[in-house]
Protein chains: 4
Amino acid sequence: VTTTFPSGRLEAFSDGVFAIAITLLVLDLRVPLREPHRSLASALAKEWPSYGAYLVSFAIIGIIWVNHHTVFRNVRAVDRPVLFANLFLLGVVSLLPFPTRLLAEYLRDGWNGNVAAMVYSAAMLAMSVGFSVLWLLVTRERADLLHEHIDRAQARGALRRFGAGLFIYLATIAVAALSAGIALIVHAVLAVYYSFDQLAGATPTATPGQASAPHTKGHA
Amino acid sequence: VTTTFPSGRLEAFSDGVFAIAITLLVLDLRVPLREPHRSLASALAKEWPSYGAYLVSFAIIGIIWVNHHTVFRNVRAVDRPVLFANLFLLGVVSLLPFPTRLLAEYLRDGWNGNVAAMVYSAAMLAMSVGFSVLWLLVTRERADLLHEHIDRAQARGALRRFGAGLFIYLATIAVAALSAGIALIVHAVLAVYYSFDQLAGATPTATPGQASAPHTKGHA
Amino acid sequence: VTTTFPSGRLEAFSDGVFAIAITLLVLDLRVPLREPHRSLASALAKEWPSYGAYLVSFAIIGIIWVNHHTVFRNVRAVDRPVLFANLFLLGVVSLLPFPTRLLAEYLRDGWNGNVAAMVYSAAMLAMSVGFSVLWLLVTRERADLLHEHIDRAQARGALRRFGAGLFIYLATIAVAALSAGIALIVHAVLAVYYSFDQLAGATPTATPGQASAPHTKGHA
Amino acid sequence: VTTTFPSGRLEAFSDGVFAIAITLLVLDLRVPLREPHRSLASALAKEWPSYGAYLVSFAIIGIIWVNHHTVFRNVRAVDRPVLFANLFLLGVVSLLPFPTRLLAEYLRDGWNGNVAAMVYSAAMLAMSVGFSVLWLLVTRERADLLHEHIDRAQARGALRRFGAGLFIYLATIAVAALSAGIALIVHAVLAVYYSFDQLAGATPTATPGQASAPHTKGHA
């Protein structure tokens with residue numbers, strides 16, 4: 001007998017971690033120190049790697065949240081393995097402000113910039129692994145009771161796309177060794193790609209009737 | 001076919017970001033360093049720009065939250081474009097502690113104070129753009145299934161008021177170039193204006209019967 | 001016609017602010033700098049004002065949360081004035097880490113310690129004002145539709161106790177001017193006093209039947 | 001007559017504190033200062049105690065959350081003693097980033113490292129005490145109305161395992177006095193042990209029917 005948990009608290013806890021990780025990014029936007037005869041405008045302009053890293057990381061965490069929401073939209077109950085796979089993914093998400101800071105600090109510092117970009121790419125690879133494992137566990141055969149009907153063929157298609165993602169993120173580590181700037185651009189492009197619904201078809205569309213049922217609205 | 005999401009998690013995630021952004025503001029209230037023969041009272045008194053910036057930003061984030069709540073009060077389901085428009089708005093909200101710190105640090109530093117106030121005004125303009133886009137998407141014609149009936153004429157009226165807000169926030173950037181202090185006062189006045197219900201009439205009043213239905217109470 | 005809001009999101013947002021404010025306190029527990037020939041044990045022991053201030057503030061925020069929960073336990077819907085009164089209270093709560101840090105830093109610094117304790121007492125007074133206004137708005141006559149039946153006589157009794165609290169917190173400012181240490185002890189005693197249910201009788205006891213109705217459980 | 005509270009807000013508030021405490025850990029992963037002729041790779045490699053402490057603390061807070069979730073899965077209502085016991089546990093959880101930082105800073109600093117590990121072990125002991133008290137209060141005889149049926153014999157078995165945990169955590173303080181490194185390893189092993197369901201059997205398994213009832217899904 002597997003103990004199951006309604007998925008509400010997993011989602012609430014995850015929302016908390018996502019919200020904090022995405023908001024903590026702002027703590028790394030430094031206010032330039034006040035000095036005599038120094039122009040704030042030019043001091044801010046010099047901080048562009050901070051803003052670039054901030055924007056890419058914000059977009060990435062935001063998109064992970066949207067996709068996390070998509071995965072759990074029709075999940076009704078989870079078991080302990082799913083709780084821990086989710087914890088692993090949250091661990092990576094809550095870690096992201098660290099490689100972001102590293103990248104902002106070292107981006108223009110020669111080989112150190114490549115090292116920082118490799119650490120960033122490794123974090124994104126870990127995120128990709130976490131997401132794939134979570135999707136695998138949520139859609140696995142013996143978990144039929146955990147969710148509404150999921151189209152098997154489509155779920156396998158989504159898993160293949162996730163698997164391809166693993167190799168691409170692995171490749172970004174090599175790209176980062178060659179050029180930190182190009183690696184950052186690749187991550188921005190991948191973020192745009194994942195902002196489109198990679199699970200479309202695999203999870204059933206909530207019908208208006210379901211969505212508007214009053215008891216599905218927990219917060220208002 | 002559009003995939004829709006019940007709005008509960010969007011609201012929970014948004015609440016998290018609002019709560020963190022509004023609470024992080026306090027981290028920028030600095031405790032004066034302890035020095036021999038220094039009066040804490042006068043050291044605190046000299047920090048008034050920090051308190052002013054803190055109060056205005058707290059009020060602004062609080063009011064955005066109230067208005068966000070008002071927009072989503074009768075929304076039952078959202079789609080992917082709404083999720084991303086909401087993410088953009090949250091991005092601006094989570095960013096606000098940065099221009100607030102900037103303003104507190106540079107307010108009395110000549111032209112740098114104007115630059116800081118212009119950055120602050122630009123952030124408020126971005127917030128206004130985010131709110132208008134969100135309102136446009138939530139009330140758009142083909143989204144009828146997403147919410148309860150919204151009065152079309154009133155919704156257009158609210159949109160016109162938001163649109164006017166765009167021009168006013170754009171103007172505050174110019175004001176900030178002339179005087180940082182006046183710009184801060186204008187933002188305080190705008191916050192008071194938006195603390196009144198600009199959506200009144202556009203969204204249906206929840207009847208007591210609805211509001212007190214037991215299943216609408218998610219948390220207690 | 002007053003626009004009302006189901007109370008779920010007010011509670012979720014408040015929970016977020018309480019949780020962050022109470023957790024941010026830990027950021028002010030400083031790790032002593034590593035120095036040659038320095039004993040960590042004695043360095044930690046010298047930091048006792050930080051621990052004292054931390055404990056009192058943690059207990060106070062925790063107790064405010066319990067009492068906030070008690071106030072809203074039977075509230076089904078809120079209106080705009082309640083939202084803003086709640087925002088004011090949350091503003092004070094999210095501010096508390098600042099006077100806590102101030103007190104930890106200056107407690108043993110002569111008159112500066114008294115000033116820090118007066119600021120701390122003023123923050124507690126503001127919290128008390130916020131709570132009284134919130135209670136007044138939630139239980140006011142024309143808001144009958146917002147909550148389940150509240151015993152009028154008992155509600156007035158609770159309000160009198162809150163009103164007395166106002167004068168006591170006002171008095172702690174004067175006490176702080178005489179002795180910062182005694183003021184901190186008084187705040188600890190007041191925290192213990194408010195940890196007992198000051199609203200008992202005023203709000204109806206949820207009957208087991210109600211509490212265990214499945215749809216009242218939002219999160220699990 | 002005991003006033004009871006539906007458990008939803010206790011869980012939401014707890015989720016917030018857990019999420020923030022687990023995410024704040026990342027703030028202590030320091031980005032090495034940029035210096036001429038310094039290799040970022042080797043600077044990062046030297047920070048391994050930070051990563052070790054981070055990983056262990058992340059895992060521990062994550063596992064406490066899973067077990068907290070398990071305890072409250074079938075609890076429908078709580079009373080004031082449970083609220084305060086939960087506050088105590090949350091206080092320990094929100095404190096954990098402090099001994100984690102202490103350990104990361106002093107692990108390789110001779111006897112100071114032992115002191116840091118003893119503080120860490122004491123925090124884990126406090127956590128264990130908090131969890132035992134919470135379990136005792138939630139499963140106590142006169143609280144039958146607060147939860148669904150709990151198997152008495154199994155609940156006592158779980159309590160015995162918690163009680164044994166108290167002695168083990170007490171012992172880790174002594175271990176830390178001998179070797180900080182071994183103490184950290186013991187805590188990692190204990191974390192793995194508690195990642196398995198220590199409450200299995202004591203709390204009833206949610207049947208699929210219950211779990212999938214639409215009104216148990218608060219957030220989506």
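Order of the sequence lines fixes the chain letters, A, B, ..., with proteins taken first and strands second; residue numbering starts at 1 for each chain.
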Given A:Ala41, A:Ala19, A:Ala59, the one with more heavy-atom pairs under 4.5 angstrom with chain B than any other is A:Ala19

Describe, in one word, how the ring planes of A:Trp65 and B:Phe13 are oriented to each other, choosing from parallel (under 30°), tilted (30 to 60°) and perpendicular (over 60°). parallel

Which residue out of B:Leu27, B:Val115, B:Leu90 racks up the most heavy-atom pairs below 4.5 Å with chain A? B:Val115

Side chain / backbone / both / neither for A:Leu33 at chain B, heavy atoms under 4.5 Å: backbone

Tell me, side chain or backbone of B:Phe84 under 4.5 Å from chain A's heavy atoms, or both, or neither? side chain

Close side-chain approach of B:Val82 and B:Phe72, heavy atoms under 4.5 Å: yes

For A:Phe58, which atoms come within 4.5 Å of any heavy atom of chain B: side chain, backbone, both, or neither? side chain

At a 4.5 Å cut-off on heavy atoms, which part of B:Leu102 comes close to chain A: side chain, backbone, both, or neither? both

Within-4.5 Å side-chain heavy-atom neighbours: A:Leu40 and B:Val119: no

With only heavy atoms counted, which part of B:Leu24 is less than 4.5 Å from chain A, the side chain, the backbone, both or neither? side chain

Got a donor-acceptor contact below 3.5 angstrom from the A:Ser128 side chain to the A:Met124 backbone? no

Pick from A:Arg30, A:Arg38, A:His68: which one has the most heavy-atom pairs with chain B under 4.5 Å? A:His68

B:Tyr169 and B:His187 aromatic ring geometry - parallel, tilted or perpendicular at 30°/60° bounds: parallel

Quick check: does any side chain N or O of A:Ser94 sit under 3.5 Å from a backbone N or O of A:Gly91, one acting as donor and the other as acceptor? yes

